[in-house]
Asker: 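First the structure, then my questions, so here it is.
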Amino acid sequence: VMQRITSLNPHWRNSVQRRSFFFQFGKKKLDVDTTRLLADDDAKDGEKLWGWGNNQDGQLGVLDVRFHDTPIHIETLKGKKFVDLSCGYNHTTAVTSEEVGLAWGSNSHMQIAKIGSGWEVISESEQFTPYVIEQFIEKKTKLKQIQCGFFHSIALSDAGHVHTWGNGFRHQIGMGNNYNHCDPQKLLFAGERMSQVAAGVLHSVSLSQKGKVFSWGGIGFTGKPKEVPIADGANVEAIACGMFHTLCKLERGLIVLGRGKLPFPKDPRLFSPQPYDLQPDSQDSQTTLLFQDEKIVDMSGGNDTCAAVTEEGKCYLWNNSDVNVNNLTSLTPQLGKVVQVELSGTHGAVVNSKGELYVWEMGQDWMERDIRPMRYLDNHVVKKVALGWNYGIASTST
């Protein structure tokens with residue numbers, strides 16, 4: 001079987017039609033009927049999915065290429081319940097309560113695992129419409145989680161296995177090569193089963209059921225999963241990725257791996273091999289333990305930023321380049337008791353205990369100006385939110 005094409009330039013697209021092209025060899029389209037899995041679900045406890053922001057590559061799951069200033073309902077997923085949502089640079093994934101994985105948006109690096117045959121072009125209707133990731137259905141694999149990197153994806157099965165696909169330019173697929181992969185690749189961890197996965201721009205991370213952290217990819221070119229030693233042998237309870245760093249939640253407090261600013265182009269699609277300083281991206285470098293007297297219930301990472309939510313519902317935001325007490329900005333007074341926080345390279349969002357969603361813009365000078373969260377989906381109870389590059393997705397109760 002011929003190896004699939006390796007690195008595809010994300011700018012090889014039709015500038016008028018906004019279609020994403022990819023080529024593959026030696027693989028036929030799977031003969032799997034997934035129609036019933038996307039059929040309208042009239043269950044009373046179903047949810048609605050909404051998207052806003054940039055849709056030039058179909059990442060909002062609606063059939064247009066407009067920028068949506070206000071949330072638009074994604075009709076094709078009416079009535080489904082979602083256990084996981086994630087956004088990348090221009091692709092989106094979700095896992096339903098039926099443990100089925102969905103994807104839509106750009107397939108420029110095979111990040112939505114869309115299978116064609118021969119020299120097939122992915123049409124707008126296929127790219128813009130949420131579809132079931134057929135490879136998992138074919139293998140009867142049930143999913144708990146899918147997380148988006150910028151141009152790759154990583155999934156966790158109910159059996160604790162990790163699968164990756166999409167852009168492998170910096171070894172973020174974990175197969176020891178830098179090829180793009182359309183088919184999800186199952187990774188091995190010497191018998192360890194995983195409980196969570198996360199993805200940054202160029203790296204991937206997983207957490208074992210025994211509290212061990214594994215990382216691969218990134219500027220340091222770690223080609224396959226490698227265990228990351230945690231200070232004092234502490235067990236990690238949860239993980240989250242920023243663009244170039246990883247957050248690890250402990251029983252009390254959290255630590256950040258790979259902190260530090262990196263050269264970052266204005267257009268994140270323009271990554272090219274450069275002699276970067278490896279230390280800032282090293283997953284071995286750690287910050288001082290933060291919030292050591294607090295129990296953290298949620299956390300997220302952005303460009304050079306982190307956010308954490310405490311058990312009391314307080315939300316804090318800080319900059320990795322200068323972590324100190326003074327710049328741990330509390331957002332709680334404006335937003336009430338926070339239960340979820342989400343950061344991307346462009347925006348931040350929180351959901352509070354009342355199901356209210358607030359979104360704000362993140363800029364390079366965010367520490368020097370007031371953050372002004374705006375209420376989204378005013379008349380709905382928000383369940384989950386995920387943010388990508390200049391766009392967002394949220395689920396609400398019907």
Side-chain angles (χ1 to χ4, degrees), residues 30-51 61 74-88 91-105 110-115 129-149 152-166 173-174 181-189 192-199 204-209 214 237-241 298 340 342 382-386 393-398:
L30 296 178
D31 184 19
V32 178
D33 181 12
T34 59
T35 306
R36 63 178 180 80
L37 297 173
L38 283 177
D40 284 356
D41 192 337
D42 295 324
K44 293 181 180 180
D45 60 348
E47 298 173 354
K48 289 184 177 180
L49 199 64
W50 305 80
I74 303 174
E75 297 279 354
T76 53
L77 297 175
K78 178 182 177 182
K80 294 295 179 185
K81 291 186 69 175
F82 302 94
V83 298
D84 196 38
L85 299 173
S86 185
C87 300
H91 79 291
T92 308
T93 59
V95 178
T96 72
S97 58
E98 300 165 313
E99 300 180 300
V100 172
L102 309 174
W104 59 96
M110 307 181 188
Q111 60 264 47
I112 65 171
K114 187 67 176 176
I115 291 181
T129 304
Y131 92 105
V132 173
I133 303 176
E134 299 170 344
Q135 296 94 318
F136 291 117
I137 303 302
E138 182 188 43
K139 296 177 181 179
K140 297 180 171 58
T141 301
K142 296 182 177 181
L143 299 180
K144 292 176 59 180
Q145 188 186 10
I146 304 178
Q147 291 289 289
C148 298
H152 75 289
S153 303
I154 177 170
L156 177 68
S157 75
D158 65 346
H161 299 306
V162 174
H163 305 261
T164 59
W165 63 95
I173 302 302
H181 291 271
C182 184
D183 288 330
Q185 305 294 304
K186 183 177 178 180
L187 303 185
L188 301 177
F189 295 86
E192 294 268 3
R193 298 295 177 94
M194 300 295 128
S195 62
Q196 192 184 356
V197 293
S204 304
V205 182
S206 67
L207 176 65
S208 80
Q209 295 175 358
F214 294 83
E237 296 184 350
I239 55 174
C241 282
D298 197 31
Q340 184 193 353
E342 179 80 358
V382 176
K383 299 292 187 180
K384 292 181 178 63
V385 63
I393 300 287
S395 62
T396 65
S397 58
T398 53

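One is the number of the first residue; the rest follow in order along the sequence.
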Asker: Can you tell me how far the CD1 atom of Ile74 sits from the NZ atom of Lys48, to the nearest 0.5 Å?
Answerer: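 It comes to 12.5 Å.
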Asker: Leu77 and Glu47: side chain to side chain contact (heavy atoms under 4.5 Å, CB included), yes or no, with the steps?
Answerer: CA-CA 9 Å; Leu77 297 175; Glu47 298 173 354; over 6 Å; no
Asker: Using side chain to side chain donor-acceptor pair (under 3.5 Å) as the criterion, list what pairs up with Thr396, not counting sequence neighbours.
Answerer: Trp50
Asker: Under the rule for side chain to side chain donor-acceptor pair (under 3.5 Å), what residues qualify as partners of Gln340, not counting sequence neighbours?
Answerer: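 Applying side chain to side chain donor-acceptor pair (under 3.5 Å) to Gln340 gives none.
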Asker: Report the distance from atom NE2 of His91 to atom OG of Ser86, rounding to the nearest 0.5 Å.
Answerer: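 Atom-to-atom, His91:NE2 and Ser86:OG are 7.0 Å apart.
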Asker: What residues, two or more places apart in sequence or in another chain, satisfy side chain to side chain donor-acceptor pair (under 3.5 Å) together with Asp298?
Answerer: none
Asker: So, for Gln196 and Gln145, which heavy atoms are closest and what is the spacing to 0.1 Å?
Answerer: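 Minimum heavy-atom contact is CA-OE1, 3.5 Å.
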Asker: Looking only at non-hydrogen atoms, find the nearest pair between Ser97 and Val83 and report the distance.
Answerer: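 In terms of heavy atoms, the two residues are closest at CA-CG1, 4.0 Å.
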Asker: Which heavy atom of His163 sits nearest to which heavy atom of Pro184, and what is that distance?
Answerer: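 For His163 versus Pro184, the nearest heavy atoms are CB-CB, 4.1 Å.
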Asker: Nearest 0.5 Å, please: how far is CG in Leu49 from NZ in Lys80?
Answerer: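 One gets 12.5 Å once the value is rounded to the nearest 0.5 Å.
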Asker: Determine whether Ser206 and Phe189 satisfy the following criterion, side chain to side chain contact (heavy atoms under 4.5 Å, CB included), listing intermediate values before the conclusion.
Answerer: CA-CA 10 Å; Ser206 67; Phe189 295 86; 3.5 Å; yes
Asker: Where the side chain of Lys384 meets the backbone of Leu85, is there a donor-acceptor pair that is under 3.5 Å apart?
Answerer: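 Looks like no, no N/O pair under 3.5 Å.
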Asker: Do you know the tightest heavy-atom contact between Ala198 and Ile154?
Answerer: O-CG2, 4.0 Å
Asker: Within this structure, what is the CG-CD1 distance for the pair Leu102 and Ile146, rounded to the nearest 0.5 Å?
Answerer: 7.0 Å
Asker: I'd like to check the side-chain contact (heavy atoms from CB on, under 4.5 Å) partners of Lys139; sequence neighbours left out, ordered by chain and number.
Answerer: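 For Lys139 the side-chain contact (heavy atoms from CB on, under 4.5 Å) partners, ignoring immediate neighbours, are Thr141.
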Asker: Rounded to the nearest 0.5 Å, how far does CD of Gln185 lie from CG of Asp183?
Answerer: 6.5 Å
Asker: Between Gly88 and Cys148, what is the shortest heavy-atom contact and its length?
Answerer: N-CB, 3.4 Å
Asker: Going through the distances and angles, do His152 and Ile173 end up as a side chain to side chain contact (heavy atoms under 4.5 Å, CB included)?
Answerer: CA-CA 7 Å; His152 75 289; Ile173 302 302; 4.0 Å; yes
Asker: With sequence neighbours left out, write down each residue that passes side-chain contact (heavy atoms from CB on, under 4.5 Å) with Ser195, or none if nothing qualifies.
Answerer: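 Applying side-chain contact (heavy atoms from CB on, under 4.5 Å) to Ser195 gives Leu207, Gln209.
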Asker: In chain order, what residues pass the side-chain contact (heavy atoms from CB on, under 4.5 Å) check against Ala103, with sequence neighbours excluded?
Answerer: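 In terms of side-chain contact (heavy atoms from CB on, under 4.5 Å), with neighbours along the sequence ignored, Ala103 is linked to Thr93, Ile112, Tyr131, Ile133.
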Asker: Stepwise, does the side chain to side chain contact (heavy atoms under 4.5 Å, CB included) test hold for Ile393 with Phe82?
Answerer: CA-CA 12 Å; Ile393 300 287; Phe82 302 94; over 6 Å; no
Asker: Heavy atoms only: give me the nearest Trp165-Cys182 pair and the separation to one decimal.
Answerer: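 Nearest heavy atoms, Trp165 then Cys182: CB-O, 4.0 Å.
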Asker: How many angstroms lie between atom CD of Glu98 and atom NZ of Lys142, to the nearest 0.5 angstrom?
Answerer: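 Atom-to-atom, Glu98:CD and Lys142:NZ are 10.0 Å apart.
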